[in-house]
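Before any comments, here is the structure.
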Protein chains: 2
Amino acid sequence: MRNTIGEVAKKFNLNISTLRYYDKEGLIPNLEKNESGIRIFDEEAVSALIAIECLKKSGMSIKDIKTFIDWCQEGDETLKERLEMFLARREALQSQIKELESTLNYIEYKVEYYTKAVTDGTEKMVKETMSNPRLLNLQ
Amino acid sequence: MRNTIGEVAKKFNLNISTLRYYDKEGLIPNLEKNESGIRIFDEEAVSALIAIECLKKSGMSIKDIKTFIDWCQEGDETLKERLEMFLARREALQSQIKELESTLNYIEYKVEYYTKAVTDGTEKMVKETMSNPRLLNLQ
DNA sequence: CATAGACATAGACCTAACTTTAGGTTTAGG
DNA sequence: CCTAAACCTAAAGTTAGGTCTATGTCTATG
């Protein structure tokens, strides 16, 4: 596995510039370069990218991902910090999911609402007959 | 219900400037002002804000929210567009939730991993013995 | 062995969604 | 009636996370 930046960009569906930006920010530790300066993404670099993508999806900022990557480089000293970070991430994700589910609920109400309205050809009747669940969530 | 901007900001946990910005962008249709230019948020304005917050949480941009708000002002002509928008939002939310769940999975693996590592006092053993589920998702 | 296509760097630019600033007006309470 | 707190506008500034540009070097292939 000795990928060039273009190949990796394609695999991860990231812009080449984004990969260079991540490298500049220090998110890809020990990224090799050949004699003429061309980046070679080995297995370690690729698994860093996998972690980066996942942490990004979990809502972490680039800066905090960088902190994590640095901890990984520092070795066993930082195991506790890393565990705590993942515990916090888990919490964050769980509440994000809950919030999205409640948002989905509102959206589903709206789908129902507008399905009826489209059938009727007007919003009038639906407006009067459908009780709105919004207030349960938001007020 | 005749709220000033400060009261509404507190209720929705938004910055006052954010509310003025939403108003400027046309997200709060028919927002009343008194003789001296002070905004008065009536029930209609508040329910616009409820919708805005929800659509924001579903990942919609301000610009797209504005489009929706405009459709609402245009009346029954745009019922179909609105229904289609909510159907698309529902899709988007559902796949967002799925993605977060799969991310949570990875995070949970990491929690296990680091819990063991912290117990051991080192990453060495865990690194060798725990199979990594990352590749299932990402390669 | 020429050359198109992929790579490099530094630094400027972009976008969304606010947030802050400057300078001024309104209003509620003691 | 004074004044602090809350409101106003217009416009500049901020932040994150890229993305693009200019300019130049490398390299794979016909």
Side-chain angles (χ1 to χ4, degrees), chain A residues 1-28 30-42 45-46 48-49 51-70 89 92 96 99 103, chain B residues 1-28 30-42 45-46 48-49 51-70 89 92 96 99 103:
Chain A
M1 217 205 293
R2 316 206 109 239
N3 305 287
T4 65
I5 199 165
E7 286 159 6
V8 174
K10 222 171 261 174
K11 263 188 205 166
F12 281 86
N13 200 26
L14 290 171
N15 195 304
I16 287 177
S17 304
T18 305
L19 287 173
R20 293 207 263 250
Y21 163 69
Y22 287 170
D23 184 21
K24 202 179 63 180
E25 294 297 308
L27 299 191
I28 314 171
N30 314 316
L31 180 54
E32 261 185 274
K33 291 188 179 184
N34 74 8
E35 341 60 60
S36 46
I38 287 179
R39 291 176 183 82
I40 289 148
F41 290 74
D42 61 9
V46 168
L49 280 176
I52 290 165
E53 283 306 281
C54 213
L55 294 176
K56 259 170 59 184
K57 282 180 195 160
S58 89
M60 257 174 100
S61 71
I62 295 297
K63 204 177 143 193
D64 288 349
I65 294 173
K66 161 81 167 135
T67 301
F68 168 68
I69 297 281
D70 288 347
R89 263 323 70 208
Q96 256 178 273
E99 185 163 280
T103 303
Chain B
M1 219 204 292
R2 315 207 112 239
N3 306 287
T4 64
I5 198 167
E7 287 159 6
V8 173
K10 221 170 264 175
K11 264 188 205 166
F12 281 86
N13 200 28
L14 289 171
N15 196 304
I16 287 176
S17 305
T18 305
L19 288 173
R20 293 207 265 249
Y21 162 70
Y22 288 169
D23 183 23
K24 201 181 63 181
E25 294 299 308
L27 299 192
I28 314 172
N30 313 317
L31 180 55
E32 261 184 273
K33 292 189 180 183
N34 73 9
E35 343 59 58
S36 46
I38 288 179
R39 289 174 184 83
I40 289 148
F41 290 75
D42 61 8
V46 168
L49 279 176
I52 291 166
E53 283 305 281
C54 212
L55 295 177
K56 259 171 58 185
K57 282 181 195 161
S58 88
M60 258 175 99
S61 70
I62 296 296
K63 203 178 144 191
D64 288 349
I65 294 173
K66 161 81 168 135
T67 301
F68 167 68
I69 298 280
D70 288 348
R89 258 336 55 214
Q96 257 178 270
E99 186 162 279
T103 303

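Small disclaimer: the values here were computed from a predicted structure and weren't measured. Per chain, numbering begins at 1; letters A, B, ... match sequence-line order.
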*Quick one: do B/Leu49 and B/Tyr22 satisfy side chain to side chain contact (heavy atoms under 4.5 Å, CB included)? Show the steps, please.*
CA-CA 9 Å; B/Leu49 279 176; B/Tyr22 288 169; 4.2 Å; yes
Enumerate the protein-to-nucleotides 28-30 of chain C contacts in which both atoms are nitrogen or oxygen and the separation is below 3.5 Å.
none

*Earliest and latest nucleotide of DNA chain D, 5' to 3', sitting under 4.0 Å from a non-hydrogen atom of chain A?*
D/dG17 to D/dT27
*Evaluate side chain to side chain contact (heavy atoms under 4.5 Å, CB included) for A/Phe12 paired with A/Leu19, printing each intermediate quantity in order.*
CA-CA 10 Å; A/Phe12 281 86; A/Leu19 287 173; 5.8 Å; no
_Nearest 0.5 Å, please: how far is CD in B/Glu25 from OG1 in B/Thr18?_
11.5 Å
_Heavy atoms within less than 4.0 Å of DNA chain D: which residues of residues 58-66 of chain A have one? Give them sorted by number._
A/Ser61, A/Ile62
*Roughly how far apart are B/Ile40 CD1 and B/Glu7 CD, rounded to 0.5 Å?*
11.0 Å
*Residues A/Thr103, B/Gln96; criterion side chain to side chain contact (heavy atoms under 4.5 Å, CB included); working and verdict*: CA-CA 12 Å; A/Thr103 303; B/Gln96 257 178 270; over 6 Å; no
*Could you list the residues that satisfy ring pair (Phe, Tyr, Trp, His ring centres under 6.0 Å) with A/Phe68, not counting sequence neighbours?*
A/Phe86
*Measure the spacing between OG1 of A/Thr4 and CD1 of A/Ile16 and express it to the nearest 0.5 Å.*
8.0 Å
*Salt-bridge test for A/Glu53 and A/Lys56: reply yes if a basic N is under 4.0 Å from a carboxylate O, no otherwise.*
yes
_I need the B/Ile5 CD1 to B/Arg39 CZ distance, nearest 0.5 Å._
5.0 Å
*Closest-nucleotide 5' rank along DNA chain C - winner of B/Ser17 and B/Tyr21*: B/Tyr21
_Gap between atom OG1 of A/Thr67 and atom CD1 of A/Ile62 - 0.5 Å precision_ = 11.5 Å
_Distance, rounded to the nearest Å, where B/Ile52 contributes CD1 and C/dA16 contributes C1'_ = 16 Å
*Name the pairing partner of C/dA6, where a pair is Watson-Crick or G-U wobble with both distances under 3.5 Å, or state none.*
D/dT25
_Does B/Thr18 reach a base, just sugar-phosphate, or nothing at all? Heavy atoms under 4.0 Å._
sugar-phosphate
*asked:* One pair to check against side chain to side chain contact (heavy atoms under 4.5 Å, CB included): A/Ile65 and A/Ile69. What are the steps and the verdict?
replied: CA-CA 6 Å; A/Ile65 294 173; A/Ile69 297 281; 4.2 Å; yes
*Check the surroundings of atom CG in A/Asn13: do more than 12 heavy atoms from other residues, nucleotides or ligands lie under 6.0 Å from it?*
no
*asked:* Could you tell me how far apart B/Leu19 (CG) and C/dC18 (C1') are, to the nearest whole angstrom?
replied: 12 Å
*Which parts of nucleotides 3-13 of chain C does protein reach within less than 4.0 Å, heavy atoms only, written one letter per nucleotide 5' to 3' as B for base, S for sugar-phosphate only and - for none?*
----SBB----
*asked:* Going by the rule salt bridge (charged side-chain N to carboxylate O under 4.0 Å, His left out), which residues pair with B/Glu32 if we only count those two or more places apart in sequence or in a different chain?
replied: B/Arg2
